[in-house]
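Below is one structure, written out as structure tokens, with a few remarks after it.
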Amino acid sequence: MLEGASILCFANDWGGDPTSKTHIMRILARRNRVLWVNSVGMRRPMVTGRDLRRIVAKVRRSFGGCREVESNLFVASPLALPLPGVALVDRLNATMLAAWLRGLCRRHGLERPILWTFPPHVNRLVGRLEERLVVYHCVDEYSAFLGVPRAALMRMEEDLIRRAHVVFTSADQLCQERRRLNPNTHFVPHGVDVDHFARALDPATEVPDELRTLPRPVVGFFGVLAEWVDLALIRDLAASRPAWSIVLVGGATVDLRPLRGLPNIHILGRKPYSTLPEYCRGFDVGIIPFVSNALTVRANPLKLREYLAAGLPVVSTPLPEVARYDGLVHMAQGSGGFIAGIEAALGERSDAMDRRRSAAMRCEGWEARVETLSAIISQRLGSASAVAVS
């Protein structure tokens with residue numbers, strides 16, 4: 001495990017549901033000093049209530065200063081002009097952010113930090129933060145998200161890939177594409193908090209009241225209901241099998257009106273991460289009903305391993321990273337395929353089979369993933385060529 005290092009981490013905003021970034025940095029903070037920099041934004045805000053609330057929240061957090069949220073893990077909220085892709089604004093933001101971050105690093109004892117970024121649009125900060133190593137950790141095809149300045153983001157990412165000392169990806173396709181620009185690119189898939197989700201197998205774990213009385217089977221989903229979730233497929237499932245309960249746990253960033261009006265679709269909203277094993281215990285099957293596009297074919301859904309760690313059989317849209325779990329997952333296309341997959345999965349529920357699925361995740365914990373990341377970085381730190389890239 002990496003030890004005694006300073007890490008300057010660029011990621012999404014701290015405080016939401018744990019992502020791969022959260023799990024990785026929490027483990028690294030046990031033996032290193034981590035400064036987590038909240039999102040500087042990849043898309044330009046629109047005049048909507050949601051975006052306005054986000055702007056107000058970011059301004060408030062920035063005035064809150066840098067705070068220690070866990071031992072050795074500090075969170076800072078930068079202020080930046082939200083116009084990514086505009087060259088003059090990008091240069092101005094980079095100059096202001098670099099000066100602000102150098103001051104924070106000095107104040108909190110981070111000397112010659114490892115610059116570890118998940119988003120690609122901080123490329124202009126490379127070489128300005130007295131960093132000893134640059135790590136780009138790519139977990140999505142960022143240019144495929146809706147609302148981002150696609151061409152500009154692709155240019156920023158290409159520049160960052162070329163200048164990074166190490167590139168990590170969470171999907172093999174992301175790895176193959178980025179290795180063309182940087183041979184020191186490594187595929188390290190996501191992990192899972194096995195102990196947390198295996199609580200679903202414990203008879204003492206109580207099923208939430210809102211699930212306990214639903215007609216079975218309960219076909220469950222948790223996660224953000226975003227543009228990559230196939231709402232039409234979910235609606236078709238519910239309409240084709242009115243005796244099934246379709247349960248959706250998670251916040252939404254898209255209009256959910258297509259799901260309204262069907263009594264067996266239950267939209268429960270966002271729930272605390274700590275309670276997800278309880279919901280898993282109330283599910284009979286976990287589903288990953290994604291559309292197939294440039295974003296999802298490069299995705300490695302966290303919920304896949306979380307469902308399996310909870311002992312659930314899984315039915316998913318055919319995705320390359322999900323296909324690696326052949327034998328544990330039913331791949332399905334369209335509502336007919338999903339219905340057949342769910343019916344097959346329902347026949348695979350037994351204490352023994354549930355525990356087998358959970359046990360299969362034991363070697364895929366986050367600690368093991370961080371050890372892999374650490375070994376690669378430690379080797380690179382030992383190289384004489386590990387100097388700041390200009």
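If you're wondering where the values come from, they're calculated on a predicted model, not measured in any experiment.
A donor-acceptor contact shorter than 3.5 Å is absent between the side chain of Ser358 and the backbone of Asp354. One N or O on the side chain of Arg281 and one on the backbone of Ala200 form a donor-acceptor pair closer than 3.5 Å. Side chain of Tyr307 to main chain of Ile287: a donor-acceptor pair is present (N/O by atom type, distance under 3.5 Å, no hydrogens or angles). The closest donor-acceptor contact from the side chain of Ser6 to the backbone of Leu110 lies at 3.5 Å or more, if one exists at all. A donor-acceptor contact shorter than 3.5 Å links the side chain of Asn184 to the backbone of His165.
Between Phe118 and His137, the ring planes are parallel. Angles under 30° get that label, and only those over 60° would be called perpendicular. Ring geometry for Phe197 against Phe222 counts as parallel: the plane angle stays under 30°, on a 0 to 90° scale with 60° as the upper cut.
Using a 4.0 Å cut-off between charged side-chain N and carboxylate O, Glu367 and Arg30 make a salt bridge. Using a cut-off of 4.0 Å between Lys/Arg side-chain N and Asp/Glu carboxylate O, Arg298 and Asp140 are scored as not salt-bridged. Ion pair Arg212/Asp209 flagged as a salt bridge, since at least one NZ, NE, NH1 or NH2 atom sits closer than 4.0 Å to an Asp/Glu carboxylate oxygen. Salt bridge absent: Arg33 and Glu68 never bring a charged side-chain N and a carboxylate O closer than 4.0 Å. Taking 4.0 Å as the cut-off between side-chain N and carboxylate O, Arg270 and Asp17 count as a salt-bridged pair. For the pair Glu321 and Arg324, the salt-bridge criterion is met [side-chain N within less than 4.0 Å of a carboxylate O]. Using a 4.0 Å cut-off between charged nitrogen and carboxylate oxygen, Asp159 and Arg155 do not count as a salt-bridge pair.
A salt bridge (Lys or Arg N to Asp or Glu O under 4.0 Å) with Arg199 holds for exactly one of Glu306, Glu206, Glu278; it is Glu278. The only option from Leu97, Leu101, Asn93 that meets the side chain to side chain contact (heavy atoms under 4.5 Å, CB included) definition with Pro78 turns out to be Leu97.
Considering only residues two or more places apart in sequence or on other chains, Glu111 meets the side chain to side chain donor-acceptor pair (under 3.5 Å) condition with none of them. The ring pair (Phe, Tyr, Trp, His ring centres under 6.0 Å) test applied to Phe74 returns His108, not counting sequence neighbours. Not counting sequence neighbours, Asp193 has no partner by the side chain to side chain donor-acceptor pair (under 3.5 Å) test. Applying the side chain to side chain donor-acceptor pair (under 3.5 Å) rule to Trp36 yields the partners Asn38; only residues at least two apart in sequence or on another chain are considered.
Atom CG of residue Leu174 and atom CZ of residue Arg179 lie 12.0 Å apart, to the nearest 0.5 angstrom.
Taking the side chain as every heavy atom from C-beta outward, Arg26 and Glu70 approach each other to under 4.5 Å. At least one side-chain heavy atom of Val166 sits under 4.5 Å from a side-chain heavy atom of His186. When side chains are defined from C-beta on, Leu256 counts as touching Leu231, because their heavy atoms get closer than 4.5 Å. Taking the side chain as every heavy atom from C-beta outward, Phe290 and Leu295 never approach each other to under 4.5 Å. Contact of the Cys138 side chain with the Tyr136 side chain is registered, since non-hydrogen atoms from C-beta on lie closer than 4.5 Å. Side chains of Glu157 and Glu141 form a contact here, defined as non-hydrogen atoms less than 4.5 Å apart. Side-chain contact check for Val219 versus Val247: every heavy-atom pair is 4.5 Å or farther apart. Using a 4.5 Å heavy-atom threshold, the side chains of Ile24 and Arg369 count as separate.
Closest non-hydrogen pair, Val254 versus Leu225, comes out as CG2-O, 3.4 Å.
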Apply side chain to side chain contact (heavy atoms under 4.5 Å, CB included) to Arg357 and Met353, showing your working. CA-CA 6 Å; Arg357 281 186 285 267; Met353 295 183 79; 4.2 Å; yes

What do the steps show when you test Thr296 against Asn293 for side chain to side chain donor-acceptor pair (under 3.5 Å), and what is the final call?
CA-CA 5 Å; Thr296 60; Asn293 59 24; 3.3 Å; yes

**Message:** Run Trp366 and Ser20 through side chain to side chain contact (heavy atoms under 4.5 Å, CB included) and show every step you take.
**Reply:** CA-CA 9 Å; Trp366 282 113; Ser20 58; 3.5 Å; yes

Exercise for the section: For Arg162 and Asn123, run side chain to side chain donor-acceptor pair (under 3.5 Å): C-alpha distance rounded to whole Å, both residues' side-chain angles, the deciding distance at 0.1 Å, then the answer. Expected result: CA-CA 10 Å; Arg162 292 182 187 278; Asn123 60 309; over 6 Å; no

Given side chain to side chain contact (heavy atoms under 4.5 Å, CB included), test Thr317 with Ile288 step by step and report yes or no.
CA-CA 6 Å; Thr317 303; Ile288 305 176; 5.8 Å; no

Does the pair Leu8 and Cys105 meet the rule for a side chain to side chain contact (heavy atoms under 4.5 Å, CB included), with working shown?
CA-CA 8 Å; Leu8 183 57; Cys105 286; 4.3 Å; yes

Worked verdict on Arg355 versus Asp351 for salt bridge (charged side-chain N to carboxylate O under 4.0 Å, His left out) | CA-CA 6 Å; Arg355 294 190 180 280; Asp351 287 345; 5.9 Å; no

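Taking the centre of each ring, Tyr273 and His196 come in below the 6.0 Å mark.
A single hydrophobic cluster is not seen to contain both Val148 and Met154; linkage of ILVMFWY side chains at heavy-atom distances under 4.5 Å, directly or through other members, places them apart. Linking Ile, Leu, Val, Met, Phe, Trp and Tyr whenever their side-chain heavy atoms come within less than 4.5 Å leaves Tyr142 and Phe187 in two separate clusters. Note on Ile234 and Leu346: same hydrophobic cluster, where clusters join Ile, Leu, Val, Met, Phe, Trp and Tyr whose side-chain heavy atoms are under 4.5 Å apart, directly or indirectly. Leu233 and Val224 are not part of a single hydrophobic cluster, where members link through side-chain heavy atoms under 4.5 Å apart.
Heavy-atom neighbours of Asp255 CG from other residues, nucleotides or ligands within 6.0 Å: above the threshold of 12. Residue Met331 qualifies as enclosed at atom CE: its count of foreign heavy atoms under 6.0 Å is above 12. Environment of CZ in Arg356: sparse, with no more than 12 heavy atoms of neighbouring residues, nucleotides or ligands closer than 6.0 Å. A 6.0 Å sphere centred on CD of Gln176 holds more than 12 heavy atoms belonging to other residues, nucleotides or ligands.
Residue pairs meeting the side-chain hydrogen bond (donor to acceptor under 3.5 Å, both in side chains) criterion with at least one member in residues 232-251, sequence neighbours excluded, are Arg241-Glu343. Residue pairs meeting the ring-ring contact (aromatic ring centres under 6.0 Å, His included) criterion with at least one partner in residues 317-348, sequence neighbours excluded, do not occur; the list is empty.
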